[in-house]
Each structure stands twice: as C-alpha cells, then as structure tokens.
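Remember, it's 1-based here, ligands and their atoms both numbered in the order they're listed. Numbering starts at 1 and runs along the sequence shown. Side-chain atoms are counted along with the backbone in the values below, which use heavy atoms only and exclude waters and symmetry mates.
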Amino acid sequence: MINLEIAKIFNDIARNLRIDGVAFKPYAYEKAAVSLQALPEDVKTIYMTGGRKALEEIPGIGKAMSDHIEEFVKTGKVAFYEEMKKKLPVKWDELLGVEGLGPKKVKVLYEKLGVKDLKSLERVTKKHLVADLDGFGETTEKNILQGIEFLKTSHGRTILGEALPIAREVLVKLEKLKEVEKISLAGSLRRRKETIGDIDFLVVSRNPKKVMEFFVKLPGVKKIWGQGATKSSVHMEQGFDMDLRVVPAKSYGSALQYFTGSQDHNIVTRKIAIEKGLKLSEWGIFRGAKQLPSKTEKDVYKALGMAWVPPEMRENTGEIELSLDDKLPKLVELKDIKGDLHVHSNFGEPDGEKDSIEVLAKKAMSMGYEYIGISDHTNDLNVEKSLNEKELLAQNEYIKKLNKKFQISNFKFQIFHGCEANIRKDGSIDVKDEVLEKLDYVIAGVHSLLKMEKPEMTARIIKAMKNPHVDIIAHPTGRIVGQRDEYQHDFDAILKVAKETGTILEINSSSRLDLRDLYIRRAKNEGVKMIINTDTHQKEQMHYIEYGVSQARRGWATKDDIINTLSVEELLKSLK
Ligand code: DGT
Ligand code: CA
Ligand code: CA
C-alpha cells in the first residue's frame with residue numbers, strides 16, 4: 001500500500017534529519033508517518049479525488065508533507081529523500097537491527113570504514129577496526145559483534161508487536177469478502193508468542209478459489225509460494241510469510257485446534273484421542289468413520305474430556321493435565337487492567353516528542369482506565385530527558401493541581417506521581433530518599449552497566465528492592481525481544497527478596513516483554529505480585545498494554561497476580 005511506502009520514506013527522512021541534529025522537523029515527519037500508517041484509505045485515492053486540499057486535511061499532514069506525497073504519487077519518488085540517500089547509502093534496516101548501533105554510529109561507520117550493510121559491518125568488526133573510531137571503543141566493538149551473532153541466531157522471526165497489527169489488517173480485509181464465512185488467526189500468533197515465524201489464517205468458505213485469489217493479491221505480497229484449493233502461502237515485503245488455509249464449516253473447530261498448535265500440545269491431544277478410541281485430525285474428530293461434532297474448539301476438547309484451553313497456554317507445559325482435571329487458571333484479561341504506571345511525559349521538555357501529562361491522562365481515561373502513573377526518568381539517565389530532584393518536586397506539585405482539576409470535573413480519575421529511577425552499580429538509587437518519599441510510588445530499573453557478573457548484578461537488584469521506597473522493578477531482566485539477551489542474574493534469589501520486601505516485578509509491554517512468560521510463571525508460583533506496564537513514550541504506545549497482557553497470560557497469570565487490576569484504593573495499599 002502506498003501509505004506504508006510513504007510512511008517508510010518519512011521515517012527514513014526523520015532519522016537522517018536527526019543524525020544531522022535538525023530540531024523539530026524529524027518529529028513532523030514521524031507524526032506524518034504515524035498518521036499515514038493509521039489511515040484507512042489510500043492517499044493516492046485521496047489525492048486523485050480531492051487534490052492538495054484533501055491531503056492537507058489529513059491529521060498530521062501539513063503543507064510540506066503534502067508536497068512530498070503529491071510528488072510521490074506523480075513520480076514514485078521524493079527527490080529530497082533520494083538526495084539524502086545518496087549521502088548515506090546504507091541498509092538501515094539491517095544495521096539498526098544490531099543492538100548498540102544507532103543512526104549516528106552508522107554514519108561514522110559508513111564515512112570512516114565504508115560500512116553499508118551487515119556483511120561489511122561484520123568484516124570491519126572482526127578486523128578490530130571499529131574500536132579505534134571516535135566514540136566507539138573496545139566495549140562497543142564487542143557489543144556490535146555480539147549483536148550481529150544475536151541477529152544471526154534469532155533470524156527469521158518477527159516480534160509480536162510487528163506481526164499482530166499487520167495480521168489484523170489482513171484479517172479485516174478477508175472478513176469483508178462475502179466468500180469468507182468465518183476467519184481466525186491460528187499458529188503462534190494466536191498463541192501470542194513473543195516472536196512469530198509466519199502468520200497463519202484459517203477460513204471457512206464454500207468458494208476457496210475466490211478467497212485464495214484475493215489472498216495472493218493482497219498489497220505487500222512479494223512472492224507467492226503456492227496457491228491451492230485448501231492452502232496458499234505468500235511472502236510479504238515486511239520479510240515474513242503468511243499461510244491461509246480453507247476448511248469446511250464442519251471441520252472448523254478441529255482445524256483451528258490443529259493449526260493453533262503448538263505442535264507439542266497437539267501431539268498430546270492426538271494421543272488422548274487415540275486412548276479414547278478416537279481419531280483427531282485437522283478434518284475433525286472421528287469415532288471410526290463417524291465424525292463427532294467438530295465445529296468449534298470446545299466440541300473438540302469436550303470429546304477429549306478436556307476443558308477449552310486458552311491458546312496462550314497451549315505449549316504442553318502442564319496445561320493438558322490441568323485441562324483434564326478442569327483446573328485451568330482463569331487468566332488475566334485486557335479488560336481487567338485499570339491503569340498503567342509506567343508512562344513517560346514531556347515534563348521539563350515541553351517541545352520534546354513525548355506527550356503532556358494532561359494528554360496522557362486523557363488518553364488513559366479514553367481507554368477506560370481509573371488511573372495513570374507518570375514515571376519519568378531521573379538524574380542519572382542521559383539518553384533522554386530526565387528530571388533532577390528539583391524538577392521532580394515541581395512535577396509533584398503540578399500533578400497535585402491536575403488531580404484537583406480532574407476531580408472538579410466530577411470524574412473519578414487519579415494521576416499518580418512516580419518516577420523511573422536508576423539503579424546504580426552498587427544498587428543505590430539515583431534520587432535522594434527525601435524526594436522519593438514525596439512520590440506516590442517509585443519504579444527502579446537497571447539502565448546501564450548491563451554486563452556485570454551474575455553475583456554482582458543479583459546483589460545490585462536485591463539492594464534496590466530492599467530500599468523501602470522502591471515499589472516496582474522495571475523490566476527486571478533487561479532483555480529486549482530479538483535484540484538483546486537478559487543480563488546475568490539469579491532469578492530465584494530476586495524472587496525471594498521480592499516476596500520478602502513486597503516489591504512488585506514489572507511485565508513491560510514494549511518490545512522488551514520482560515518479564516518473559518516462564519519467569520512470570522515462576523513469580524506467580526512464589527506469590528510475587530506483578531504489574532503490566534507499557535513504558536509509554538508517546539500516548540499511542542499505551543495500547544501496547546495488550547502485548548503485556550498476552551505475555552502475562554502466557555505466564556498463566558490471573559487477575560490476582562497483577563496489581564494494576566486493582567482499584568485506586570486497593571492499589572495504594574499494595575504498594576510499600
Ligand atoms: P511459528 O510459525 O514458527 O511461529 O510457529 P507456529 O506454531 O505458528 O507453526 P506453523 O506455522 O509451522 O504451524 C501452525 C500450526 O500447525 C502449529 O502450531 C501446529 C500445526 N502443525 C503444523 N505442522 C504440524 C505437524 O507436523 N504436526 C503437528 N502435530 N502439528 C503441526
Ligand atoms: Ca505460524
Ligand atoms: Ca505456518
């Protein structure tokens with residue numbers, strides 16, 4: 001779709017402008033890109049039917065952006081962008097995928113060593129040419145090499161937050177076809193795994209041919225691997241494959257069960273079927289030649305003597321036994337979430353790219369929340385704006401005033417004031433106790449020196465949890481899906497102290513997805529409470545909460561395990 005093509009160009013331009021230190025403009029480009037991505041109609045059609053005027057009416061698209069769009073529609077190019085690319089002809093997608101490499105470093109690598117892509121980066125790094133560059137050093141060189149290795153091993157998988165929105169767009173398009181009677185996501189995406197190998201769709205239709213024809217012609221399809229009556233498979237420009245299967249209505253339940261997986265889960269469900277003298281396949285559940293009801297997944301599980309298993313649990317890690325005993329936990333749901341306590345504002349930097357506290361609070365209200373917690377970075381952190389102690393206190397006063405204002409409007413909504421403080425090397429917090437004391441809550445996280453040895457890192461986090469002001473540990477293991485492994489730590493020791501001190505562990509909904517699912521299960525088993533936060537830097541990111549909830553569900557968490565399902569009063573009681 002042309003909207004996505006132009007959005008990508010705008011994002012690229014923004015990045016280049018940022019490297020050159022241009023103020024404000026990058027943001028305008030990014031805003032326009034976001035707006036284009038969200039736009040349901042094609043901008044080409046908008047321009048063809050309504051001209052310039054219609055373009056300028058799109059939110060986030062001003063005159064300059066309209067110039068670019070018009071040019072792109074007419075010529076397929078944006079000259080300004082083409083010039084920019086000549087100056088820095090590198091494969092951005094490849095290079096920025098390497099953890100530890102930002103746009104500025106990429107520019108230096110290109111100008112000094114001619115690095116254009118992953119291959120040439122690996123070459124110069126292995127020759128140890130990188131360490132000597134200005135602003136790099138031995139550690140950066142080592143990190144880059146590790147980043148390249150990590151990319152190679154995790155290669156071929158797409159993170160949930162990228163795949164799900166694209167899959168939903170396709171789902172909506174397919175749903176609209178009159179030939180499609182039923183449709184669902186299947187595979188790892190339905191199970192909400194943190195990374196997705198390919199996207200699977202399952203459709204009921206009496207006219208598969210039409211559905212398949214539409215599917216292989218979807219915008220973004222780069223290559224057709226196969227097009228048949230029951231299965232088609234395509235490769236998308238975003239780099240992953242999509243599979244579509246069509247089944248008759250009477251097989252929908254068994255097919256959905258089969259294609260949702262996981263394979264490990266299915267192997268056991270088939271075995272259970274055999275033990276009961278049944279046969280289970282994607283086509284149905286059978287006794288001899290007779291097909292038993294197989295229209296819904298519930299039918300299938302019922303025939304096996306099992307309770308319906310939430311897709312997020314289908315990994316054969318104990319859920320089958322619980323399902324047979326009808327003892328599955330009631331997993332936390334998106335609608336249980338009453339607020340988000342990890343949200344960054346533009347306080348102290350009003351011209352920056354984050355949103356104001358007021359805008360964030362309104363966004364939270366529009367999502368049906370009862371509260372929001374503002375938790376900006378503090379003293380130590382220098383990669384983005386952070387608040388010093390004086391500014392934190394000023395923010396505290398400001399939030400008090402805002403809360404009064406919201407109460408007058410007779411709306412039950414609370415803004416909590418917190419911070420995301422830094423856990424220093426020795427486990428101390430970068431904000432004085434007298435200041436921490438004034439806040440409603442404190443999140444603390446490790447943001448630097450991630451490569452410590454296991455005993456030191458564990459002690460560092462434990463010391464922070466023992467601080468009576470620290471309520472929540474942000475992204476407790478430091479991993480970022482597909483980019484960075486967790487740091488060395490003893491999770492059992494951390495859980496023990498979390499339990500003793502009543503410290504809450506975060507499930508961060510951004511691409512960190514940290515805690516990961518298995519750790520969530522361990523925390524739950526130890527009775528350690530968790531909170532699902534988004535780590536929002538722009539208000540739209542508050543919707544990432546969905547990914548955190550999925551992750552919590554994959555970790556079998558129930559409402560009781562998650563403190564931001566509590567009301568304002570109960571929440572306050574559960575903090576230190
Ligand atoms: P992915 O795509 O690697 O993230 O993982 P899945 O789980 O989506 O795997 P995929 O797309 O290969 O297949 C979708 C589902 O179909 C899978 O979860 C289980 C089922 N399935 C596919 N092949 C087999 C198989 O050979 N045996 C069994 N029992 N199930 C299979
Ligand atoms: Ca799949
Ligand atoms: Ca597949």
>> Return the closest protein heavy atom for atom 8 (O) of ligand 1 as residue, atom name and distance.
In response: S188 N, 2.8 Å
> Is there any N or O on D200 that sits under 3.5 Å from an N or O of ligand 1?
Replying inline: yes
> Can S294 and Q291 be counted as having a side-chain donor-acceptor contact under 3.5 angstrom?
Replying inline: yes
With a cut-off of 3.5 Å and sequence neighbours excluded, list every side-chain donor-acceptor pair involving residues 165-180.
residue : atom : partner : partner atom : Å
R168    : NH1  : E546    : OE1          : 3.1
R168    : NH1  : E546    : OE2          : 3.4
R168    : NH2  : E546    : OE2          : 2.5

> Can you find a protein heavy atom closer to atom 2 (O) of ligand 1 than 4.0 Å?
Replying inline: yes
>> Heavy-atom pairs closer than 4.0 Å: do any link ligand 1 to the side chain of N266, the backbone, both, or neither?
In response: side chain
>> Using modelled atom types and a 3.5 Å cut-off, is there a donor and acceptor pairing between side-chain atoms of D535 and backbone atoms of H342?
In response: no
>> Can you name the atoms of ligand 1, numbered from 1 with element, that are less than 4.0 Å from a heavy atom of R191?
In response: 7 (O), 18 (O)
> Are I480 and D485 side-chain neighbours, meaning at least one heavy-atom pair lies under 4.5 Å?
Replying inline: no
> What number of protein N, O or S atoms occur at distances under 3.0 Å from the Ca ion (ligand 2)?
Replying inline: 3
>> Using a 4.0 Å cutoff against the non-hydrogen atoms of I196, which atoms of ligand 1 qualify?
In response: 4 (O)
> Considering only heavy atoms of T260, which atoms of ligand 1 have at least one such atom less than 4.0 Å away?
Replying inline: 18 (O)
>> I'd like to check which ligand 1 atoms, numbered from 1 as shown, lie under 4.0 Å from a non-hydrogen atom of G261.
In response: 17 (C), 18 (O), 19 (C)
> Can you tell me if D243 has a non-hydrogen atom under 4.0 Å from ligand 1?
Replying inline: no
> Do T140 and N143 have a side chain donor and acceptor closer than 3.5 Å?
Replying inline: no
> Taking R554 as the fixed residue, which of E312, E315, E194 is the one that meets the salt bridge (charged side-chain N to carboxylate O under 4.0 Å, His left out) rule?
Replying inline: E315
> Is the closest protein non-hydrogen atom to atom 12 (O) of ligand 1 under 4.0 Å?
Replying inline: no
>> Quick check: R270 and ligand 1, any N/O pair under 3.5 Å apart?
In response: no
>> Parallel, tilted or perpendicular: which one describes the rings of H489 and Y487, with boundaries at 30° and 60°?
In response: perpendicular
> Between the side chains of H344 and E420, does any donor sit under 3.5 Å from an acceptor?
Replying inline: yes
> Is the backbone of K91 close enough, under 3.5 Å, to the side chain of E94 for a donor and an acceptor to pair up by distance?
Replying inline: no
>> What protein heavy atom lies closest to atom 15 (C) of ligand 1? Include the residue and the distance to one decimal.
In response: F259 O, 3.2 Å
> Of all the heavy atoms in R157, does at least one lie under 4.0 Å from an atom in ligand 1?
Replying inline: yes
>> For R287, give me all partners under side chain to side chain donor-acceptor pair (under 3.5 Å), at least two apart in sequence or on another chain.
In response: none
> Do D561 side-chain atoms and A557 backbone N/O form a donor-acceptor pair below 3.5 Å?
Replying inline: no
> Hey, does G197 come in under 3.5 Å of ligand 1, counting only N/O atoms on both sides?
Replying inline: yes
> Does any N or O atom in S262 lie less than 3.5 angstrom from one in ligand 1, N or O only?
Replying inline: no
> Considering only heavy atoms of G187, which atoms of ligand 1 have at least one such atom less than 4.0 Å away?
Replying inline: 8 (O)
> Which heavy atom in L304 sits nearest to a heavy atom in I285, and how many Å separate them?
Replying inline: CD2-CD1, 3.7 Å
> Salt bridge or not for R314 and E297, using N-O below 4.0 Å?
Replying inline: yes
>> Taking the side chain as everything from C-beta on, heavy atoms only, tell me whether E282 gets closer than 4.5 Å to S251.
In response: no
> Tell me: protein heavy atom nearest atom 19 (C) of ligand 1, and distance?
Replying inline: Y258 O, 3.5 Å
Table please: side-chain donor-acceptor pairs of residues 328-335 below 3.5 Å, with sequence neighbours left out.
residue : atom : partner : partner atom : Å
K330    : NZ   : E333    : OE2          : 3.2

> With a 4.0 Å cut-off on heavy atoms, does Q263 reach ligand 1?
Replying inline: yes
